[in-house]
Number of protein chains: 2
Amino acid sequence: MSKLAAIPLYRQVIREVTTAVDAGEWNADESLPSENDLARRFGVSQGTVRKALDVLVLEGVLYRRQGVGTFVSDASDFLAQAMFVPLSGYGGEKPKIEMLGCVRIHAGEQLAEILGLRRGAALWQVRRLLRVAGTVIGLEEMFLPEANFPNLEMRRIRELRGNLRELCWRDFGMRLKDGEVRYRAVPAASAEARLLQVEVHEPLLQLVRLARDFDGKPQVWSVAWFRSEQLAFQAPPEQA
Amino acid sequence: MSKLAAIPLYRQVIREVTTAVDAGEWNADESLPSENDLARRFGVSQGTVRKALDVLVLEGVLYRRQGVGTFVSDASDFLAQAMFVPLSGYGGEKPKIEMLGCVRIHAGEQLAEILGLRRGAALWQVRRLLRVAGTVIGLEEMFLPEANFPNLEMRRIRELRGNLRELCWRDFGMRLKDGEVRYRAVPAASAEARLLQVEVHEPLLQLVRLARDFDGKPQVWSVAWFRSEQLAFQAPPEQA
DNA sequence: TACAGTCTTATATAAGACAAAAGATACACA
DNA sequence: TGTGTATCTTTTGTCTTATATAAGACTGTA
């Protein structure tokens, strides 16, 4: 471990481990080397490795089991991890995500400002459908700058079963932080009404998110609509 | 610090500090003794105190400033800390909370089950109004078991400016964890429509929460309705 | 008064020793 | 030959000690 920088050692370890995870050195749910092995590898103490892993566990990148090991979390994206719970009940269910399409568009005034791009910049518009127990309950529309996601292909998105976050991570080396989520109730417009099979003007739950990379630059703008007559939306725990 | 139990020391320190905070030993935004002083007081090392405080900082009970000290957070409740952000903008504003009323009712089938009480048990029904920039944007209805909150008085609630969480804490020694929040979009019923000054059937954002104490027992059931034509709801960061 | 050093007191980081948990293995015994 | 039990090994978890870094107060000097 380089001692040049005035950056704390455990921060450096975080970077090293994060990089290794991103590079796919260990697969999801596969155990990392033990804390002692990592300590030797980076030339620091076990306690320091531990402190670094603490942070990554807290961020949801890793998880631990005492006496067993430390493992790479399956990084699925925000909506995939959200729960949809029946109105008077506990538990709830995770949605199945289905790709609708992915087209190349140009940024209008608003989108350009949100994503910090110049007007007319190329964007990907990705649309996904969410199902719970077979029935459609949600529709999502995402916008990604083409500059940062070159050659975004339907096929690749489909292969990852709609897991956009994993795709960003594996194919573009971009780890995204889920930004703040904003909630509204809006009347269904005709487009949403048709896809979600509800009447126009029916109340829909709207979620708006801006996912940023670790440098804080906006990367993915997402707007989603949900039916909530039967199910309530519950955000996934601890957004790193 | 008692060494009898098999409970880790830092857990014991967490309990001691939490108790002291609850007892009002240090006021909000007042600095705790230094980590070294606490270490001496509890008969453990600074590192152990630190680990305990780490947890409380993470839970939002305390906050720290390097070289200065550790302080008690101002524990306001979920809604008071939520942000209401304009549709196309950043920032946002915290709501002002206004008490509407507090009446004694008896639990129906559903409420009894939710709060784990017998049917007909006495409950407090508390209603609050939320304003942003003067205009009414939200209405909340809460239900608390009378058994756990004896002599809940309007006056006391009003004195704390509607800060229910602080009240639970100071007057009843009960520290609440905000449970999971569930979101729905619902059409306004006439009661809500009147108070929120919208048309009946207008879409409203509905939030449902069940706050539990640290033993996991349900204590406060809350349902809130929000207008969201102009403002979006953004949950407060890190719910302990 | 303004400024720069330094002192004090706080939190932050790092390393090492030891404890506890979970599997894996070996062994006694029916 | 199977079966339960003790023990061993590997792993994460806890705790202490020592030291670094940050912030503010203090102090002497121009």
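Quick note on labels: first sequence line is chain A, next is B, and so on, each numbered from 1.
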- request: Please state how far atom CG in B/Asp54 lies from atom C1' in C/dA12, giving the value in whole angstrom units.
  value: 10 Å
Length of the line joining A/Leu58:CG and D/dG13:P, which is rounded to integer Å: 13 Å
task: Nearest whole angstrom, please: distance from the P of D/dT10 to the CG of A/Leu38.
output: 16 Å
- prompt: Below 4.0 angstrom, N of the basic side chain to O of the carboxylate: do B/Arg64 and B/Glu35 qualify?
  reply: yes
- line: Atom CG of A/Leu53 and atom P of D/dG13 are separated, to the nearest Å, by 9 Å
query: Using a cut-off of 4.0 Å on non-hydrogen atoms, how would the nucleic acid contact of B/Arg50 be classed: base, sugar-phosphate, or nothing?
result: base
task: Just compare C/dG23, C/dA14, D/dG13 and give me whichever is closest to any side-chain atom of A/Gln46.
output: D/dG13
- request: State plainly whether the residues B/Lys51 and B/Asp54 are in salt-bridge range, i.e. N to O under 4.0 Å.
  value: no
statement: A/Asn36 CG to C/dA19 C1', in whole Å, measures 14 Å
query: Considering only C/dA14, C/dT11, D/dC15, which nucleotide approaches the side chain of A/Ser45 most closely?
result: C/dA14
message: Taking any heavy-atom pair under 4.0 Å as a contact, classify B/Thr70: base, sugar-phosphate, or nothing.
response: sugar-phosphate
- request: Before accepting this row, confirm whether a basic side-chain N of the pair A/Glu140/A/Arg209 lies closer than 4.0 Å to the acidic partner's carboxylate O.
  value: yes
Spacing between A/Tyr10 atom OH and D/dT21 atom P, to the nearest angstrom: 13 Å
message: What I want to check is whether an N or O donor and acceptor connect the side chain of B/Gln66 with the base of D/dT21 at under 3.5 Å.
response: yes
field: B/Glu35, nearest nucleotide to its side chain (from C/dA12, C/dA15, C/dA22)
entry: C/dA12
message: Using whole Å, what does the distance between atom P of nucleotide C/dT13 and atom CD of A/Gln12 come to?
response: 12 Å
- prompt: Of the nucleotides D/dC15, D/dG24, C/dT13, which has the atom closest to the B/Pro8 side chain?
  reply: D/dC15
- prompt: Under a 4.0 Å N-O cut-off, is there an ion pair linking A/Glu98 with A/Arg128?
  reply: no
message: With a 4.0 Å cutoff (strictly under), does any side-chain N or O of B/Arg64 reach OP1 or OP2 of C/dA12?
response: yes
message: Can you see if the side chain of B/Lys51 gets near the phosphate of D/dC15 - specifically, an N or O under 4.0 Å from OP1 or OP2?
response: no
Pairwise 5' ranking along DNA chain C for A/Gly47 and B/Val68, keeping only the more 5' one: B/Val68
task: Give A/Thr48 one of three labels, base, sugar-phosphate or nothing, depending on what nucleic acid heavy atoms sit under 4.0 Å from its own.
output: sugar-phosphate
- prompt: Taking CG from A/Asp37 and C1' from D/dT10, how many angstroms apart are they, rounded to a whole number?
  reply: 10 Å
- prompt: Does the ring-ring contact (aromatic ring centres under 6.0 Å, His included) test come out yes or no for B/Phe84 and B/Phe226, once each step is laid out?
  reply: CA-CA 10 Å; B/Phe84 290 85; B/Phe226 296 97; 5.4 Å; yes
